[in-house]
Protein chains: 2
Amino acid sequence: MTPDTHVDAETALDHAPAGHKDDLRLWLRMLSCARLIEAEIRRRLRARFDTTLPRFDFLAQLERAAEGLTPGEISRRMMVTGGNVTGLAARLEEEGLIERRAVREDRRAVTLRLTPQGRREFARQSAAHEEWVAELLGGLSATDRAALLRLLDRTRRGVRAAMSEGGA
Amino acid sequence: MTPDTHVDAETALDHAPAGHKDDLRLWLRMLSCARLIEAEIRRRLRARFDTTLPRFDFLAQLERAAEGLTPGEISRRMMVTGGNVTGLAARLEEEGLIERRAVREDRRAVTLRLTPQGRREFARQSAAHEEWVAELLGGLSATDRAALLRLLDRTRRGVRAAMSEGGA
DNA sequence: AGGAGATAGTTTAGGCTTCAAGTTTTCAAG
DNA sequence: CTTGAAAACTTGAAGCCTAAACTATCTCCT
């Protein structure tokens with residue numbers, strides 16, 4: 001009945017890959033789950049606001065910074081490269097959603113901030129986005145949500161630890 | 001002490017967004033967790049094998065199909081567009097990892113399959129990939145892994161259900 | 001001051017991805 | 001047959017993303 005006993009017997013003979021397959025299964029499931037939700041959100045952003053997830057994330061960063069942010073700071077917060085920020089900023093500025101402003105103390109730098117139009121537009125998108133997520137995750141019980149939140153946090157910390165140990 | 005009571009009192013006045021913020025938090029945490037792992041795997045694929053995650057996924061699909069697959073079938077399994085498959089296949093063929101073969105019964109179609117070199121190369125990559133995942137997720141206890149697997153499955157089913165209901 | 005090295009930002013080349021339009025082939029009626 | 005719709009695949013344009021090279025500015029040490 002249980003193929004597990006066979007697999008266990010088999011892998012136990014090798015030199016350690018005990019839970020390796022389980023970890024792989026876990027990772028693939030997490031990935032497919034995240035991609036499923038992400039793809040749906042991208043679809044809806046495009047369909048209803050003619051925008052993209054990176055643009056939305058970009059505006060979200062600026063929304064929380066009343067004084068604006070430099071490209072470098074946005075790059076760090078979004079965990080993308082500087083060149084990427086340059087391109088996104090160019091398109092968002094072109095659309096009138098953000099504006100550039102020179103920094104007095106440092107002539108290399110510039111701050112990006114939302115225009116009034118950008119602020120209005122992001123408010124609309126953000127409200128819809130929040131509802132979409134609630135709709136998609138609505139099937140989960142409060143207990144499951146809490147448990148999942150805790151486990152994901154634990155996972156993330158574990159991954160970071162593993163990365164700073166061996167991955168340097 | 002607990003801002004929660006304040007938030008609850010506040011949102012309870014609105015017309016329903018009870019757990020909306022919680023759902024958003026849950027989604028953002030899941031996304032950051034998945035992106036963290038994925039980014040690390042991409043980095044390592046590039047650093048050690050000079051390849052990318054889409055290429056790796058592509059080879060993985062072919063590995064499991066002894067008779068090869070058509071671009072259309074790969075497109076469906078990887079959940080990407082046909083044009084995307086065309087481009088990936090062109091580069092992988094160029095590198096000698098896959099080969100094209102005409103389909104006897106349908107002259108529109110073609111099957112893609114691993115070359116011997118592709119099979120060898122994927123075996124190397126796949127073994128490393130499995131170890132990386134185990135390393136990154138290794139911090140989790142067996143109990144946590146099992147719980148997480150179950151919760152993610154539940155989440156995915158819930159999302160699919162929500163998508164087929166309202167999202168049509 | 002002057003110059004080495006760090007930092008902020010941009011540019012460039014190339015890969016990934018989608019959408020929309022196009023080609024060739026198949027299939028199903030008529 | 002033949003004609004029209006559907007299917008398999010490719011192409012082209014545009015956006016996203018990275019790594020690496022480049023420009024301009026700043027900082028700090030002497």
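Numbered from 1 within each chain, the chains take letters A, B, ... in sequence-line order. Computed over heavy atoms, backbone and side chain alike; hydrogens, waters and symmetry mates excluded.
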Nearest heavy-atom approach of B:Leu152 to A:Leu26 is CD1-CD1, 4.1 Å

### Query
Hey, does A:Gly82 reach any base, or is it just sugar-phosphate, or nothing, if we go heavy atoms under 4.0 Å?
base

What is the nucleic acid contact for A:Val110, judged by heavy atoms within less than 4.0 Å: base, sugar-phosphate only, or nothing? sugar-phosphate

Closest to the 5' end of DNA chain C, once A:Arg76 and B:Met79 are matched to their nearest nucleotides, is A:Arg76

Side-chain atoms of B:Thr70 come closest, of D:dA7, D:dC16, D:dC9, to D:dC9

| Just checking, is any N or O donor in the side chain of B:Gln117 or B:Glu121 under 3.5 Å from an acceptor N or O on the other one? | no

Whole-Å distance, B:Arg35 CZ to D:dC17 C1', equals 12 Å

Heavy-atom closest pair (A:Ala134 atom, B:Asp23 atom, distance to 0.1 Å) is CA-OD2, 3.4 Å

> When all nucleic acid strands are considered with a 4.0 Å heavy-atom cut-off, which category describes A:Gly83: base, sugar-phosphate, or nothing?
Replying inline: base

Of the candidates D:dT25, D:dA7, D:dC9, the side chain of A:Asp106 sits closest to D:dT25

Of A:Arg107 and B:Arg100, the one whose nearest nucleotide on DNA chain D sits closer to the 5' end is B:Arg100

From CG of B:Leu53 across to P of D:dC16 the rounded distance in Å is 20 Å

Taking the side chain as C-beta and beyond, is there a heavy-atom pair between A:Met30 and B:Ile37 under 4.5 Å?
yes

Atom CD of A:Glu38 and atom C1' of D:dC17 are separated, to the nearest Å, by 13 Å

At a 4.0 Å cut-off to heavy atoms of chain B, the contacted part of DNA chain C spans C:dG15 to C:dT26

A:Arg55 CZ to D:dG15 P, in whole Å, measures 7 Å

Give a yes/no answer on whether the side chain of A:Asn84 brings an N or O atom under 4.0 Å of OP1 or OP2 in D:dC16. no

From CG of B:Leu112 across to P of D:dA8 the rounded distance in Å is 14 Å

A:Arg108 CZ to D:dC22 C1', in whole Å, measures 15 Å

Taking every heavy atom of A:Ala161 against every heavy atom of A:Ser164, the minimum-distance pair comes out as O-OG, 3.0 Å

Between CZ of B:Arg42 and P of D:dT18 the distance, given in whole Å, is 9 Å

Requested in this report: Please check if the side chain of A:Thr111 supplies one atom and the backbone of A:Leu69 the other of a donor-acceptor pair under 3.5 Å.
Outcome: no

When rounded to whole Å, the CD1 to P distance for the pair B:Ile74 and D:dA8 reads 14 Å

